[in-house]
Amino acid sequence: ILSAVVQTFLRPRLKSVDGELCLITGAGGALGRLFALEFAKEGAHLVLWDCNAAANERTAELARELGVQVRAYTVDLSKRQSIYEAAERVRAEVGCVSILVNNAGVVAGRRLLDCPDELLERTLLVNCHALFWMTKAFLPQMKAQNHGHIVTVASALGLFSTACVEDYCASKFGAVGFHESLTHELLAEDLDGIKTTLVCPYIVDTGMFAGCEIRKELRSLIPPLEPLYTVQQSMKAILAEQQMICIPLTLIETSSLIPSANVATYRFMGGDKCMLPFIKNIELKTSNGHIKSF
Ligand SMILES: NC(=O)C1=CN([C@@H]2O[C@H](COP(=O)(O)OP(=O)(O)OC[C@H]3O[C@@H](n4cnc5c(N)ncnc54)[C@H](OP(=O)(O)O)[C@@H]3O)[C@@H](O)[C@H]2O)C=CC1
Ligand SMILES: CC1=C(/C=C/C(C)=C/C=C/C(C)=C/C=O)C(C)(C)CCC1
C-alpha cells in the first residue's frame, strides 16, 4: 500500500521499447491500429495479427511509414490451431516476441435468447480462450530470457456488468481473472523481468458499441472515450509497467462502489438499458445484410 501511495506521487519512469518485437492482435481494428502506431513511434518492430487481412495490411503500411519493420499475418483467433501455427511462423520468420498486446475482441450484440450459440461461443473464444493460447505460444521465450510484457485489453465490462452483454461480460471478467492469475504466477516464480498490464476502458468511440448510451443528462459528464486518448493512456501505463489501468479512473472506481444489485442506481444513471440501442443497431445491420448473420 505504501509503495502504491508513493508511486502515485512520483512521476513514473517510462521504459524504452526501442528495438523490441511487439505482437498486436486485432491490429486491423480501431484500437489495434492505434496501438501499432504508438509502439512504432516508440521504435518497436511489429507483428500484426488480424482476421481482416485488408485492414491489417493497411495498419502495416501506416506503421512502416514510421520506419519500423512490420509483418502482418492473417489469423483467426477463435481457432487454437490457427494461433499455434501462426506463432510458429512468427518464431521462424521474425524471431522472439517480447511484447504481446492481446487486443482483439468481439461482442455478439444480441439478447441472450435471440443469440445463436456459435456467436456466444465466438466471444468466449476470441476474448478469453485466445489469451491462453497466445500466452502458451509466446511466454516460454519470455521466460527463457526473463524479459517481456503481456498486455490484456479487457474492458470496464470486465469489472462490472450490465444487461444484454452476457457473452461479452463473461469473456472480459474471464480476461481480468486470467491477467490477475498470470501476474501472480510470474511474481511467485520470481520472473520479475516479465511485466503484465490490464487495460479496462469505458465505451470508446470506435463503432464496436455504436448506439450504447447512458441517461441523456449524464452523457456529457461521462462521454465515450476518444480512441487515441484511450490508447495513449494505455501506452503510458504499459511503458510505466503499471499492472492495471482503468479509463477513466474515476468512473470505474465509482461504478465499482455501486453494487450491480443496486437496480435503483443503475436505473437512475441509465446503466440498466444502455445496451438496448446498440442491440437495435446490430439487428438493423443484420437485417440489411451489413454484417453477416449466424
Ligand atoms: N470500443 C469499445 O467501446 C471498447 C473496446 N474494448 C476492447 O478493446 C479491444 C479493441 O476494440 P475496438 O478497436 O473497439 O474493436 P474493433 O472491432 O475496431 O477491432 C477489433 C479487431 O479484432 C479483429 N478480430 C475480431 N475477431 C477476430 C478473430 N477471430 N481473429 C482475429 N482478429 C479478430 C476484428 O476484425 P473484424 O473487423 O473483421 O471483425 C478487428 O479488426 C477489444 O478487445 C474490445 O473488447 C474495451 C472497452 C471499450
Ligand atoms: C452499467 C453502469 C453504467 C454504464 C456503463 C456502460 C455504458 C459501460 C459500457 C462499457 C463498454 C461499452 C465497454 C466495452 O468494452 C454507469 C452509468 C457508468 C454507472 C452505473 C452502472
Side-chain angles (χ1 to χ4, degrees), residues 3-4 7 12 15 17 20 22-27 29 31-32 34-35 38-39 49 77-78 80 83 87 97-107 123-143 146-161 165-202 204 208 225 230-231 233-249 251-253 255-256 260:
S3 148
Q7 276 169 25
K15 72 172 170 188
V17 292
E20 303 273 343
C22 172
L23 189 158
I24 299 166
T25 66
L31 299 185
L34 291 168
F35 269 119
E38 291 300 312
F39 272 105
W49 283 18
L77 290 160
S78 68
R80 186 178 54 195
I83 293 178
V97 168
S98 56
I99 305 171
L100 186 56
V101 183
N102 286 312
N103 160 78
V106 289
V107 57
T123 308
L124 270 296
L125 290 173
V126 175
N127 299 6
C128 189
H129 293 198
L131 303 177
F132 294 102
W133 321 136
M134 292 299 292
T135 306
K136 286 192 80 173
F138 293 103
L139 183 60
Q141 298 148 43
M142 295 184 193
K143 274 186 154 182
N146 189 18
H147 176 73
H149 201 138
I150 299 180
V151 179
T152 305
V153 180
S155 165
L157 294 180
L159 303 173
F160 62 87
S161 65
V165 270
E166 287 84 355
D167 60 319
Y168 192 75
C169 283
S171 71
K172 294 296 185 178
F173 272 66
V176 172
F178 173 84
H179 156 84
E180 287 185 1
S181 178
L182 177 66
T183 306
H184 283 300
E185 180 171 333
L186 295 170
L187 291 173
E189 289 179 18
D190 286 330
L191 288 162
D192 56 354
I194 307 176
K195 308 297 176 186
T196 57
T197 300
L198 175 72
V199 177
C200 291
Y202 175 64
V204 191
M208 185 181 187
L225 299 163
T230 308
V231 168
Q233 292 297 108
S234 309
M235 284 300 290
K236 272 193 208 158
I238 295 166
L239 299 180
E241 300 184 332
Q242 208 173 299
Q243 271 181 19
M244 180 184 191
I245 174 159
C246 295
I247 318 168
L249 181 65
L251 167 73
I252 302 192
E253 273 184 347
S255 44
S256 64
S260 295

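Just so we're clear, the structure is a prediction, and the values are computed from it rather than from any experiment.
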Expected output: side-chain Lys15 to main-chain Ile238 donor-acceptor under 3.5 Å: no

Between Leu139 and Leu182, does the side chain to side chain contact (heavy atoms under 4.5 Å, CB included) criterion hold? Intermediate values first, please. CA-CA 11 Å; Leu139 183 60; Leu182 177 66; 4.1 Å; yes

Taking the side chain as C-beta and beyond, is there a heavy-atom pair between Leu34 and Thr230 under 4.5 Å? no

Reported CE-to-CD distance for the pair Met235 and Glu38, which is rounded to 0.5 angstrom: 6.0 Å

Verdict with supporting geometry, Leu159 and Cys246, side chain to side chain contact (heavy atoms under 4.5 Å, CB included): CA-CA 10 Å; Leu159 303 173; Cys246 295; 3.8 Å; yes

Can you check side chain to side chain contact (heavy atoms under 4.5 Å, CB included) on Gln243 and Leu187, steps first, answer last? CA-CA 12 Å; Gln243 271 181 19; Leu187 291 173; 4.2 Å; yes

From OH (Tyr168) to CZ (Phe173), nearest 0.5 Å: 12.0 Å

Roughly how far, to the nearest 0.5 Å, is the CD1 atom of Ile99 from the CZ atom of Phe39? 5.0 Å

Rounded to the nearest 0.5 Å, what's the gap from CD on Gln233 to CG on Leu249? Could you check? 10.0 Å

Residue pair Phe35 / Ser234, side-chain heavy-atom distance below 4.5 Å: yes

Using a 3.5 Å distance criterion without hydrogens, assess whether the side chain of Asn127 forms a donor-acceptor pair with backbone atoms of Val106. yes

Derivation and outcome, side chain to side chain contact (heavy atoms under 4.5 Å, CB included), residues Val165 and Lys172: CA-CA 10 Å; Val165 270; Lys172 294 296 185 178; over 6 Å; no

Judged by atom type as modelled, is there a donor-acceptor pair below 3.5 Å linking the side chain of Thr152 to the main-chain atoms of Leu198? no

Tell me whether Thr25 contacts the main-chain N or O of Ala104 through its side chain, where contact means a donor paired with an acceptor under 3.5 Å. yes

Got a donor-acceptor contact below 3.5 angstrom from the His179 side chain to the Ile150 backbone? no

Measure the shortest side-chain to side-chain distance between His149 and Val17 over non-hydrogen atoms and say whether it is less than 4.5 angstrom. no

Exceeds 12 heavy-atom contacts within 6.0 angstrom, atom NZ of Lys136: no

Between the main-chain N or O of Gly193 and the side-chain N or O of Asn146, is there a donor-acceptor pair closer than 3.5 Å? yes

Are any non-hydrogen side-chain atoms of Met244 and Glu180 less than 4.5 angstrom apart? no

For the atom pair OG (Ser78) and NE2 (His129), what is the distance rounded to the nearest 0.5 Å? 11.5 Å

Keeping the roles fixed (side chain from Ser155, backbone from Cys200), state whether a donor-acceptor pair exists under 3.5 Å. no

Please tell me if the side chains of Leu100 and Met142 come closer than 4.5 Å, counting only heavy atoms from C-beta onward. yes

When you check the side-chain N and O atoms of Thr123 and Ser171, is any donor under 3.5 Å from an acceptor? no

If you define the side chain from C-beta out and look only at heavy atoms, does anything of Asp167 sit under 4.5 Å from Val107? yes

Between Val199 and Val101, is there a side-chain heavy-atom distance shorter than 4.5 Å? no

When rounded to the nearest 0.5 Å, the distance separating CZ of Arg80 from CE of Met134 is 14.5 Å

Closest approach of Leu77 and Ala130, non-hydrogen atoms and distance? O-CB, 3.6 Å

Ala154 versus Pro201, closest heavy-atom pair with distance: O-CD, 4.0 Å

